[in-house]
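Notes to accompany the following structure.
All values below were derived from every heavy atom in this structure, side-chain atoms included, with hydrogens, water molecules and symmetry-related copies excluded. This is a predicted model, so every value here is computed, not measured.
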Amino acid sequence: MTTDTTGTVARDGDSRPGGPADSPFIRACRRRPVPHTPVWFMRQAGRSLPEYREIRASVPMLESCRRPELVTEITLQPVRRHGVDAAILFSDIVVPVAAAGIDLDIVPGTGPVVAEPIRTAADVERIRRITRDDVSYVDEAVRQLVVELGDTPLIGFAGAPFTLASYLVEGGPSRTHAKTKALMYGDPELWHALCARLAEVTLAFLRVQIEAGVSAVQLFDSWAGALSEADYRRFVLPHSTTVLSGLANAGVPRIHFGVGTAELLGAMGEAGADVVGVDWRTPLDVATGRIGADKAVQGNLDPCVLLAPWPVVEAEVRRILEQGRAAPGHVFNLGHGVLPETDPEVLTRVVALVHELSSRRADQG
């Protein structure tokens, strides 16, 4: 028997009815029958919402991630507004790295900027192992949210070792990842030492969230699509597997997501997740063929479609729901994050449409 931190007890993968563990989102992740296709949006707690912009107007990003009352409010905003089937913790993938001793800041309009990029083995040693006390604000926020959300599941998340390593080596966002690849190819031993340390940090960060009560976790490997499959398997897959396999007995579904990963989906499916997120470039039925029939899928409306007239949005939602039927479980989402210029009302309408269409199909058997 394993303890399911969503508030029920799991036995051989099953859970008792009631609570987040019996929600459509968790059921879809577990490849079980659902009353409707669950839907949530990456970056749903963010810049598309006027209430978010108001609350963040005078608070820097990293500070907002360290204030439990702010994290709680921002995380709840899209649940109240859109009626989504899951909340995702408001945070940033560099939060645990900063807690591990790396001097960085999230610069508006740029993203994470690292004061002293990683270049040597000594630099890797500067990355401390973290404990719950290092991210106590995350622990507190999750515990508050679990109470506030009731039966709505909360998704915790972290950045995957490759994506975190890329930020730390490049010193910030990069289009080419040239310095990252130079280190990867030129000093594989140092590269693997760096990713192994980041895997430890990531695993510890996710365990804090799970112990505090999140119902699922998502591992974001935003930049993995910059690699060939051979390089992914050699330089990335072992470290992502360390994280995901380290949570195998944690009692919560594990989601793995990357951008531009069409050629990597099969390999990503091997890393140990229960659900593989698919960006908008690959149809879900094609993705399912690459990932395998033992994984649920998540996705994958192009975020830009939400800027189009409603008939276009509706047609695309219908297409994705139809293609998602090829998978043993489908969580409707975007193929990446909500764009800041998105009209929140469109997101609300998408949630209602997904629920309407998929529940009608469920009623028809």
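A salt bridge is absent between Arg143 and Glu140; no separation between the charged side-chain nitrogens and carboxylate oxygens falls under 4.0 Å. Taking the charged nitrogens against the carboxylate oxygens, Glu229 and Arg233 do have a contact shorter than 4.0 Å, which makes a salt bridge. Glu200 has no carboxylate O lying under 4.0 Å from a charged side-chain N of Arg128, or vice versa, which leaves the two without a salt bridge.
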Run Asp302 and His336 through side chain to side chain donor-acceptor pair (under 3.5 Å) and show every step you take. CA-CA 7 Å; Asp302 187 335; His336 200 195; over 6 Å; no
Walk me through whether Leu306 and Val350 qualify under side-chain contact (heavy atoms from CB on, under 4.5 Å). CA-CA 9 Å; Leu306 297 173; Val350 167; 3.9 Å; yes
Chi angles and distances behind the salt bridge (Lys or Arg N to Asp or Glu O under 4.0 Å) call for Arg132, Glu211: CA-CA 10 Å; Arg132 189 197 65 79; Glu211 288 168 7; over 6 Å; no
Assess the residue pair Gln77 and Gln44 against the criterion (side chain to side chain donor-acceptor pair (under 3.5 Å)); give the C-alpha distance rounded to whole Å, side-chain angles, the decisive distance to 0.1 Å, and a yes or no. CA-CA 9 Å; Gln77 286 176 350; Gln44 65 186 15; over 6 Å; no
Full working for side-chain contact (heavy atoms from CB on, under 4.5 Å) between Glu270 and Thr241: CA-CA 8 Å; Glu270 296 170 18; Thr241 300; over 6 Å; no
Would you sort out whether Glu322 and Arg318 count as a side-chain contact (heavy atoms from CB on, under 4.5 Å), showing the intermediate values? CA-CA 6 Å; Glu322 184 61 32; Arg318 289 176 179 273; over 6 Å; no
Test salt bridge (Lys or Arg N to Asp or Glu O under 4.0 Å) on Asp231 and Arg234; report intermediate values, then the result. CA-CA 5 Å; Asp231 285 344; Arg234 179 183 177 191; 5.7 Å; no
If you apply the rule side chain to side chain donor-acceptor pair (under 3.5 Å), what do you find for Asp139 with Ser136, and how did you get there? CA-CA 5 Å; Asp139 177 85; Ser136 58; over 6 Å; no
Can you list the steps and then say if Arg27 with Asp22 is a salt bridge (Lys or Arg N to Asp or Glu O under 4.0 Å)? CA-CA 6 Å; Arg27 293 185 68 85; Asp22 200 40; 2.8 Å; yes
Does the salt bridge (Lys or Arg N to Asp or Glu O under 4.0 Å) test come out yes or no for Lys181 and Glu170, once each step is laid out? CA-CA 10 Å; Lys181 292 183 178 182; Glu170 301 286 342; over 6 Å; no
Applying side-chain contact (heavy atoms from CB on, under 4.5 Å), run through Asp85 and His355 and close with a yes or a no. CA-CA 10 Å; Asp85 291 286; His355 287 172; 2.6 Å; yes
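The ring-ring contact (aromatic ring centres under 6.0 Å, His included) test applied to Phe332 returns no partner, not counting sequence neighbours. Remark: Arg66 engages no residue in a side-chain hydrogen bond (donor to acceptor under 3.5 Å, both in side chains) (not counting sequence neighbours). In this structure His82 satisfies the ring-ring contact (aromatic ring centres under 6.0 Å, His included) test with no other residue, sequence neighbours excluded. In this view, Asp279 and Arg281 satisfy the salt bridge (charged side-chain N to carboxylate O under 4.0 Å, His left out) rule, not counting sequence neighbours. Checked against ring-ring contact (aromatic ring centres under 6.0 Å, His included), Tyr137 has no partners two or more places apart in sequence or in another chain.
Nearest approach of His177 to Ser166, heavy atoms of both residues: ND1-OG, 2.9 Å. Heavy atoms only, all atoms of each residue included: Ala326 and Thr288 are closest at O-CG2, 3.7 Å. Of all non-hydrogen atoms in Pro173 and Thr110, the two that sit nearest each other are CG-O, 3.2 Å. For Ala165 against Leu194, the heavy-atom pair with the smallest separation is CB-CD2, 3.8 Å. In terms of heavy atoms, Ile155 sits closest to Ala86 at CD1-CB, 3.8 Å. Residues Ile255 and Ala273 approach most closely at C-CB, 4.2 Å, considering heavy atoms.
Atom CG of residue Leu154 and atom CD of residue Gln144 lie 11.5 Å apart, to the nearest 0.5 angstrom. Note that CD of Glu51 and CZ of Arg81 are 4.0 Å apart. Values are rounded to the nearest 0.5 Å. Note that OG1 of Thr163 is 7.5 Å distant from CH2 of Trp223, once rounded to the nearest 0.5 Å. To the nearest 0.5 Å, the span separating CD1 on Ile118 from NZ on Lys179 amounts to 13.0 Å. Rounded to the nearest 0.5 Å, atoms CZ (Arg43) and CD1 (Ile88) are 10.5 Å apart. Here the straight-line distance linking atom CG of Leu76 with atom CZ of Phe90 works out to 12.5 Å at 0.5 Å rounding.
No donor-acceptor distance shorter than 3.5 angstrom exists from the side chain of Ser240 to the backbone of Leu237, with no hydrogens or angles considered. Side chain of Asn333 to main chain of Met42: a donor-acceptor pair is present (N/O by atom type, distance under 3.5 Å, no hydrogens or angles). Arg290 places no side-chain N or O within 3.5 Å of a backbone atom of Leu264 that could act as its donor or acceptor partner. Judged purely by atom type and a 3.5 angstrom limit, Thr242 uses its side chain to pair as donor or acceptor with the backbone of Pro238. When atom types are taken as modelled, the side chain of Asn300 and the backbone of Thr282 share a donor-acceptor pair closer than 3.5 angstrom. Listed for the Asp187 side chain is a donor-acceptor partner under 3.5 Å among the backbone atoms of Leu190. Checking side-chain atoms of Thr75 against main-chain N and O of Val71 turns up a donor-acceptor pair under 3.5 Å. With hydrogens and angles ignored, the 3.5 Å screen pairs no side-chain donor or acceptor of Arg126 with any backbone N or O of Ile102. Formation of a donor-acceptor pair under 3.5 Å by the Ser358 side chain with backbone atoms of Thr37 is found in this model.
Between Val138 and Phe205 there is a side-chain heavy-atom pair separated by less than 4.5 Å. Two residues are said to be in side-chain contact when any heavy atoms from C-beta on lie closer than 4.5 Å; Asp103 and Val114 fail this criterion. The shortest side-chain heavy-atom distance between Ile74 and Arg56 falls under the 4.5 Å cut-off.
Aromatic ring orientation, Phe220 versus Phe157: perpendicular (interplanar angle above 60°, classes split at 30° and 60°).
Note: the hydrophobic cluster containing Leu307 does not contain Leu49 (ILVMFWY, side chain heavy atoms under 4.5 Å, direct or indirect links).
At most 12 non-hydrogen atoms from other residues, nucleotides or ligands lie less than 6.0 angstrom from CD of Glu263.
Val278 pairs with exactly one of Thr261, Ile291, Ile320 by the side chain to side chain contact (heavy atoms under 4.5 Å, CB included) rule, that one being Ile291.
If you chain together ILVMFWY residues whose side-chain heavy atoms come under 4.5 Å of each other, Val113 ends up grouped with Val107.
Ring centroid separation for the pair Phe235 and Phe162 does not come in under the 6.0 Å cut-off.
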